[in-house]
2 protein chains.
Amino acid sequence: MPTPRVPLNRSRVLADAVALADGEGADAVSMRRLADRLGVVPMALYKHVGGKDDLVDGMVDAVLGEVVAARPADGDWRAAVRATLLSARAAVQRHPWARRAIETRTVRTPAVLGHMEAVTRLLLDAGFTPDLAHHAMHALGNRIWGFSPELFDEDARGAPRARTTPQPNPADYPSIIAVSVEARRRRPDATGCDEDFEFTFALDLLLDALDRLRSDGWESPVSG
Amino acid sequence: MPTPRVPLNRSRVLADAVALADGEGADAVSMRRLADRLGVVPMALYKHVGGKDDLVDGMVDAVLGEVVAARPADGDWRAAVRATLLSARAAVQRHPWARRAIETRTVRTPAVLGHMEAVTRLLLDAGFTPDLAHHAMHALGNRIWGFSPELFDEDARGAPRARTTPQPNPADYPSIIAVSVEARRRRPDATGCDEDFEFTFALDLLLDALDRLRSDGWESPVSG
DNA sequence: CGATGGGGTGTACAGCGTATTCGCCGACGC
DNA sequence: GCGTCGGCGAATACGCTGTACACCCCATCG
């Protein structure tokens, strides 16, 4: 008697997809390769996920499911939001493909909504009006998901790309050069920006500014 | 004598690709369909662009090339930065596919660098240290490119998607509900968030906070 | 005149997501 | 015990993608 036929299920498919992406990158996650990994024919996956998009939705859901929402202590809402977003950041950093995957998603799955709910709740409990809480969520932007956009490509990662675009001439960008010279002076050994610092820098800047609005009783201008 | 053979060139290819994306969406831009549009065989394009990635790089470059950088007036750096980023926003809004395209790019082409240079320059000229200017660029995040992430999908646009993910239960998200109820009360006719308002709200929040750091002579903590 | 080389052509390949059809097999009712 | 039903996996096939490779035409130039 060979293997006694353990049937597939949605969570095994998702777990393997996450493992595959973790190990070989997002591009490696194709229905065919994932099916191979599971010892199954590609079409079998469609009994458990709705399709490629639904699969990626599920993968993102799994990653965001790792986030632990902090509970506010001592009424310090900033610390709680900060800890929650840093937890999201940690989750996304454990799965490097997740950043790009999150950006491409349009539907909101339970874990994603759960995370947004947790952050919103912290704001409301801290005395934010629903109005200000709403704008605060938007202002935090991608930091809600634990990352900020890559402004300068750390090092041209990935295969070198054929280019016909004219190569930029550094002399045309004196201000960028000035900034990067200073950055290198401060961190001579670094290969790129200090993403952790940039993340918390912008986060704290926003949290402070939002706290000021909150305590001032800010509200939206009435339109029209 | 039929058409006297006007040869293709890179800018014609890029212009047609942009027009195709504008008219039929990013998914319509395939090498084959673009070649059809140009009355040419697919492989002919490879004499003018390095490949699909290089093509999209060029398309993004074209969009960001539409941005006009403001010159500071009356020493009001905030107004200048604001106007420049709103110009980027206008360009991206003219080409709805550009938002997603920008997020996927990893290389920095001349127009992209030119835009970053312009913003950086405004900061340096306003008295930002290179250090603070650097962090400011990161803090502004995607707003540099004229957009902020879509937090709530306005309306499930696009074809309905097969889903196996369990449907979320609204009762599990009371804080999100509270926020959206208030948002609807304020703008009863709206179908989604007021992205323009959210953009400028976060932008002004950041510009104000950054100005405070600037005039306080802020600098990075020394690490280690 | 012949050589050169850039630009367009034709063919081909490997990979993708997925619609459709079929067959196995275990569970259940009679 | 036996028929049937339903869920899960297997096979096959379609249309699409990006692009490597070889070829050929034709304008240009020495």
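Letters A, B, ... are given to chains in the order of the sequence lines, protein chains preceding strands, and every chain is numbered from 1.
When rounded to the nearest whole Å, the span between CE of B:M31 and P of C:dC16 equals 20 Å. Computed from coordinates, the B:L55 CG to D:dT17 P distance equals 14 Å when rounded to whole Å. Between the CG atom of B:N9 and the C1' atom of C:dG6 there is a distance of 14 Å, given to the nearest Å. A:R10 places its CZ atom 17 Å from the C1' atom of D:dC8, with the value rounded to the nearest Å. The CG-P distance, from A:D36 to C:dC16, rounds to 9 Å in whole Å.
The aromatic rings of A:W145 and A:H115 are tilted relative to each other, their planes meeting at an angle between 30° and 60°.
Side-chain atoms of A:W77 and A:D125 form no donor-acceptor pair, as typed in the model, at a separation below 3.5 Å. Of the N and O atoms on the side chains of A:T109 and A:D57, not one donor lies less than 3.5 Å from an acceptor on the other residue.
In this structure, A:H135 has its ring center under 6.0 Å from that of B:F197.
For DNA chain D, the neighbouring residues in residues 40-52 of chain B, judged by any heavy atom under 4.0 Å, are B:M43, B:Y46, B:G51, B:K52.
A sub-4.0 Å separation between OP1 or OP2 of C:dG15 and a side-chain N or O of A:R32 is absent.
Atom CZ of A:R100 sits in a crowded spot, with more than 12 heavy atoms from other residues, nucleotides or ligands closer than 6.0 Å.
The structure places CD1 of A:I102 at 11.5 Å from CD of B:E103, a figure rounded to the nearest 0.5 Å.
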